[in-house]
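Structure first, then comments.
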Protein chains: 4
Amino acid sequence: MIKMYDVLVIGGGINGCSIAYQTASRNRRTAVLEKNTVGSEASSAAAGMLGAQSELEEYSPFFEFARRSRDMFPELVPELEEKSGTAVSYIQNGMVKIADTPAEQQRLERMYYFQKQAGEHVEWLQPEVVKTIDSSITGDHYGALYIQGDGQVKAPELTKAYAGAAVREGADFYEYTPALEFIYENGRVTGVETPQGRFYADQIVLAGGAWSRFIPPFGGELPPLIPVKGECVGLHSAVPILEKTVHASDFYIVPKPGGSIVIGATEREGEMGKEVSAEAVQHLLHKACRLVPGLSRASWQCAWSGVRPQSADHKPYLGQTAFDGLWMAAGHYRNGILLSALTGTWMADLLEGKTEEQEWVEAFSPRRRINRKEEEIIGADY
Amino acid sequence: MIKMYDVLVIGGGINGCSIAYQTASRNRRTAVLEKNTVGSEASSAAAGMLGAQSELEEYSPFFEFARRSRDMFPELVPELEEKSGTAVSYIQNGMVKIADTPAEQQRLERMYYFQKQAGEHVEWLQPEVVKTIDSSITGDHYGALYIQGDGQVKAPELTKAYAGAAVREGADFYEYTPALEFIYENGRVTGVETPQGRFYADQIVLAGGAWSRFIPPFGGELPPLIPVKGECVGLHSAVPILEKTVHASDFYIVPKPGGSIVIGATEREGEMGKEVSAEAVQHLLHKACRLVPGLSRASWQCAWSGVRPQSADHKPYLGQTAFDGLWMAAGHYRNGILLSALTGTWMADLLEGKTEEQEWVEAFSPRRRINRKEEEIIGADY
Amino acid sequence: MIKMYDVLVIGGGINGCSIAYQTASRNRRTAVLEKNTVGSEASSAAAGMLGAQSELEEYSPFFEFARRSRDMFPELVPELEEKSGTAVSYIQNGMVKIADTPAEQQRLERMYYFQKQAGEHVEWLQPEVVKTIDSSITGDHYGALYIQGDGQVKAPELTKAYAGAAVREGADFYEYTPALEFIYENGRVTGVETPQGRFYADQIVLAGGAWSRFIPPFGGELPPLIPVKGECVGLHSAVPILEKTVHASDFYIVPKPGGSIVIGATEREGEMGKEVSAEAVQHLLHKACRLVPGLSRASWQCAWSGVRPQSADHKPYLGQTAFDGLWMAAGHYRNGILLSALTGTWMADLLEGKTEEQEWVEAFSPRRRINRKEEEIIGADY
Amino acid sequence: MIKMYDVLVIGGGINGCSIAYQTASRNRRTAVLEKNTVGSEASSAAAGMLGAQSELEEYSPFFEFARRSRDMFPELVPELEEKSGTAVSYIQNGMVKIADTPAEQQRLERMYYFQKQAGEHVEWLQPEVVKTIDSSITGDHYGALYIQGDGQVKAPELTKAYAGAAVREGADFYEYTPALEFIYENGRVTGVETPQGRFYADQIVLAGGAWSRFIPPFGGELPPLIPVKGECVGLHSAVPILEKTVHASDFYIVPKPGGSIVIGATEREGEMGKEVSAEAVQHLLHKACRLVPGLSRASWQCAWSGVRPQSADHKPYLGQTAFDGLWMAAGHYRNGILLSALTGTWMADLLEGKTEEQEWVEAFSPRRRINRKEEEIIGADY
């Protein structure tokens with residue numbers, strides 16, 4: 001079997017599906033190759049918070065990119081829900097970023113000043129005020145940064161919604177179809193080998209998350225991606241325990257519509273399996289129940305994990321690679337859900353040669369020079 | 001443990017939850033006792049069609065009741081989704097009622113004339129026209145009745161949405177808490193015994209579906225309810241196969257948002273277990289694939305069953321029973337999802353003594369005299 | 001529908017199935033009524049340890065009963081496996097009872113002397129010796145009682161094996177068939193009402209575990225049974241972490257053949273639902289990982305719960321009740337798996353009037369006078 | 001991370017695990033790389049019949065190899081169960097091979113004469129005699145070949161038992177660790193790249209089933225393997241319906257100890273996904289219920305699929321490949337469970353240079369010349 005497309009996306013995660021939705025909407029014949037099923041890796045494991053821009057303490061192209069992606073959701077979500085028939089559960093319940101150490105307090109205060117200056121709606125809450133925002137947060141802490149309009153989605157549903165909308169726009173999805181090897185002819189990547197035969201396309205977009213560099217013969221020459229496994233646990237309570245999303249220095253608690261509560265996430269560099277360790281379950285429950293004691297009454301639901309793709313400088317690789325014909329949209333690390341909205345349109349623009357934001361082109365280029373110091377750090381960690 | 005309430009609902013199915021939502025909204029202290037978990041029986045097994053009124057061939061209080069309940073959905077669903085945080089997937093994709101025998105053709109034509117006269121938007125489709133409404137219906141048939149605006153929901157989600165909204169309005173839910181026996185004092189039902197202790201209430205509403213008559217000491221004296229097990233199968237297709245809901249004489253096919261397809265349902269009188277027989281799976285698949293051959297390419301998902309509570313005359317029992325203090329809202333048979341909207345407000349009105357529609361009070365009274373002929377038929381079946 | 005049997009067992013848990021296996025083997029027409037499915041409650045939640053006799057510090061009929069039941073397993077298990085085709089995974093991997101406090105040390109030492117005197121193969125291990133028996137036990141403690149030959153089974157499988165062997169011997173099983181009410185005629189219990197009709201029998205054996213007293217009209221007059229929910233977690237490790245069963249004062253760790261590891265169990269008096277609290281998961285993991293640190297590397301599998309039926313004096317009720325025709329085999333508390341072997345033959349003997357051990361008849365009679373002091377304690381707890 | 005072994009097995013299916021068990025038992029440092037989890041593909045999907053040799057109509061090395069593998073089970077199974085703690089449910093319930101067409105009757109009669117001559121215990125049953133062997137087989141047919149001692153196992157359990165025994169013998173298992181690319185140095189395959197780093201070994205055994213040829217850079221040059229998806233359904237009946245395994249021309253029915261019944265299997269050449277089509281479910285149920293009508297009363301359990309690796313001449317590839325250092329044990333097609341016993345010892349012998357059966361070495365060599373006619377057939381199919 002031989003198939004020909006305009007755009008071939010490798011990877012049916014949230015960003016691959018978003019890109020396919022945008023290119024198919026622009027009448028480009030689009031296919032998605034997925035080694036397993038749509039959204040079966042990191043996209044389904046994510047807690048669905050949309051507040052990554054609030055991690056930052058200073059202006060950067062990444063800050064602007066994240067903020068613009070966030071601002072696309074109010075309009076994009078109804079569009080996807082309508083086209084796909086999948087409800088995404090987008091709500092803006094607000095986030096409380098807890099300072100659980102004095103050092104974290106200083107970091108969050110810096111964030112607060114920067115965010116305020118950048119025009120974001122943030123407040124600083126003294127320790128005794130936190131309880132007035134969400135009365136369930138009764139553990140010890142040093143105050144909190146409060147982002148009232150902070151939003152979230154159900155990440156597995158959003159992934160399905162992108163995919164469903166892409167199908168509606170004419171994209172073809174091939175599940176259980178791994179890309180086994182790039183086809184390289186006359187100095188150009190023209191297709192990939194799969195168990196179902198060869199797929200050829202004018203433009204190939206590698207959106208394989210932590211698996212992106214595993215495709216021979218030159219996957220290993222693409223820019224570095226470190227797998228960082230994150231383990232989560234899910235609780236449930238019919239009676240609401242917590243209203244706001246709570247984010248502390250090494251864990252978070254996300255109450256979802258319908259009564260589920262997600263507690264995440266560990267950071268295990270270099271691990272790729274799906275196992276969840278007993279240690280992670282205990283650690284997450286212990287931390288979360290100490291800060292929000294009401295959680296100890298919630299019912300246990302399940303535990304799961306996902307592997308985030310971490311780039312060398314923690315910013316995604318978006319753009320053309322050093323190999324003609326091969327583009328990349330990977331390395332979203334912990335921000336894949338948030339960035340999915342703009343990743344789709346931005347990549348569709350790049351593929352059509354239509355981009356205007358030269359600053360972003362360079363900032364996210366897979367061919368960018370990674371700051372040496374960061375490379376060393378990564379090397380040491382790994 | 002002893003608990004006191006204004007209203008005690010026995011049964012956390014869709015109608016019990018709807019009633020609890022309405023009484024709690026009117027500031028009555030409300031509790032729901034559920035032997036297992038919310039929506040764990042027939043409510044979760046239903047395909048979620050809202051077209052039962054289209055079953056009828058002549059005017060009756062039941063026809064009007066069903067129609068009015070249906071017309072509540074466009075306003076009720078957003079209200080429930082907002083209060084509960086649960087998406088209900090309400091869509092109006094239209095229904096094609098297929099005449100698969102000449103006799104069925106005659107019956108559907110009678111329905112068509114009646115519905116048209118009653119002001120419903122229905123069309124009669126000649127056999128060759130059916131394919132123009134949904135090109136996937138290529139099996140043999142004798143034409144179809146088409147109801148363009150016919151709607152559906154995801155029934156398990158709607159049940160959870162009623163329950164979630166009820167909790168938000170202050171209702172208490174006790175899961176895993178079966179009603180073991182009525183407490184009868186001074187000529188009045190005043191409460192129930194449970195494994196967790198006694199619950200007392202001014203008004204007790206029995207909404208236990210097919211299990212309603214199993215509570216001693218006088219459950220067996222309540223009006224007859226025949227359990228009718230229905231078995232279903234679920235398929236899935238990422239690529240849309242069918243757009244319209246298809247209803248034939250002894251099976252139906254309901255395409256759900258997101259790619260699931262429900263095929264139902266057998267009618268096994270007197271059976272209450274959760275097993276699905278091999279025979280049912282084969283029968284449903286065979287019938288559905290013959291009418292809509294594209295379904296044979298869909299992926300298998302799962303099979304399940306639910307037990308519908310059938311009253312002696314196929315109309316629900318809504319109102320006060322022969323026992324003081326004890327009310328009933330059961331016997332919705334195959335129409336529990338559709339009727340849930342009006343059942344909630346109607347029962348809340350009855351409990352407050354506020355009803356105006358005397359015709360309905362009598363038509364659905366648990367104390368009504370059941371037409372002898374129907375009783376005999378039922379007796380024979382059972 | 002009306003059904004007639006010699007023996008009607010109410011409850012398809014491990015003891016109901018064991019009794020049915022024995023009575024059917026003796027050619028008595030036997031039926032089992034089960035409200036849900038065979039083994040769906042406490043029997044499937046148990047960790048399957050067979051060492052309850054080692055809990056005791058002095059001679060008693062209960063000690064002898066437990067010991068004799070335990071000694072039946074080596075012969076009974078192959079018989080059940082052969083008749084049912086279900087593998088039970090009976091192994092004798094030994095148990096280390098850890099003294100995790102000085103008080104527990106004293107209690108275990110008393111046990112040690114008593115067990116030794118009673119002819120059991122037990123050893124006392126000084127703290128530094130424990131590691132030589134199982135090198136994974138590296139947490140702090142005050143020594144341990146070691147029972148080398150202590151055995152275990154997979155409890156859900158053993159329950160299925162009893163049921164399968166009973167079917168092979170001719171017993172009928174009715175699943176999804178709750179006993180709704182006793183039929184009491186002429187001073188005698190002659191049958192039960194169920195949703196499927198009436199079942200009559202010469203002898204009715206109530207083996208409903210924690211649900212035994214919930215059948216009207218006089219279930220509440222049977223001797224007291226307190227539900228005690230126990231929550232467990234399951235881990236898995238392909239590489240063996242622990243060989244011996246470890247039992248500490250308020251938790252235990254049971255390594256199962258095939259790599260699963262069960263950690264149990266909480267004791268929640270008066271609770272009957274199936275939820276597992278976040279608190280229980282954290283507590284069990286914390287305790288287990290502190291004593292056997294290697295467990296923190298194991299993979300998370302699942303969490304579950306079961307409800308144990310606790311009698312007023314912690315010994316089972318085995319024998320005729322105060323109601324003619326009604327027998328009881330319930331209240332096995334935490335020893336249901338161990339006692340199931342002898343419960344089956346003992347009850348079958350009692351039903352045939354063949355018992356010789358008058359001491360046991362009295363010790364376990366449902367009509368025995370419960371020591372007042374214990375009754376008070378129970379009352380206070382409940 | 002760099003790892004060094006004597007033997008590196010690629011693929012944790014039943015044959016990879018069996019080989020690892022044998023090489024580890026011979027004190028060779030052994031590792032297994034598995035892309036997902038042990039037994040997650042075809043090995044867990046198999047019905048576990050051990051009668052493949054009875055497919056044959058004439059003597060061949062394949063016939064002898066299969067027969068000898070079968071004869072290893074009575075001794076091997078207890079050894080694996082003991083070392084692994086996993087029960088394999090090996091029973092010899094007999095197989096009835098039904099002639100469902102006159103042509104099939106002729107084929108089976110030829111088989112009968114050949115098998116008898118070869119010393120196998122087979123009988124020919126006239127149509128009216130079949131029911132006396134298993135009274136549930138009441139559909140129409142043309143007689144049957146009866147193999148009284150024919151055996152079966154639970155295939156997922158047998159795979160786990162090989163793996164568990166291998167771990168006990170010292171083998172290392174790396175799950176979620178795909179082989180991404182062969183390392184080829186100085187004319188020799190010396191290792192493989194994986195996401196967890198490089199694995200080097202003196203001898204590398206490719207046992208990746210239908211996935212074996214997908215490893216670059218020269219996987220595609222290995223001998224042909226056609227994926228043939230097989231779909232199955234599982235039923236359950238507490239009351240035994242069928243005792244013997246029934247095999248007809250395009251489906252089979254395997255009753256398992258404990259009450260499960262497996263009906264298989266379709267043959268979809270070139271398909272590799274895990275989906276089960278609605279069509280397959282219907283087809284299998286229809287065929288099985290027509291031959292054994294009692295099955296229509298059984299309860300539905302589940303549907304699943306697996307991908308068998310079909311070699312060009314339907315015999316496995318066992319031995320050294322054209323690439324130095326790389327061995328192959330793949331292409332077992334529908335006989336992987338049966339052949340697993342001898343595949344393990346045979347490959348361990350080959351790796352040590354100890355084989356005596358020169359006929360088998362040539363018959364199964366991956367470098368053998370495949371008969372042209374068969375190649376054409378395969379080509380046409382694919």
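The model shown is predicted, which means the values in this text are computed figures rather than measured ones. Residue numbers start from 1 in every chain, and the chains themselves are labelled A, B, ... in the order their sequence lines are given, proteins ahead of strands.
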CZ (B:Arg268) with more than 12 external heavy atoms under 6.0 Å: yes
Go through C:Glu271 and B:Tyr176 one step at a time and tell me if the side chain to side chain contact (heavy atoms under 4.5 Å, CB included) criterion holds. CA-CA 10 Å; C:Glu271 290 194 20; B:Tyr176 303 111; over 6 Å; no
Considering only heavy atoms, which portion of B:Glu193 lies under 4.5 Å from any heavy atom of chain C: side chain, backbone, both, or neither? neither
So, the part of C:Gln196 with a heavy atom under 4.5 Å from chain B: the answer is side chain
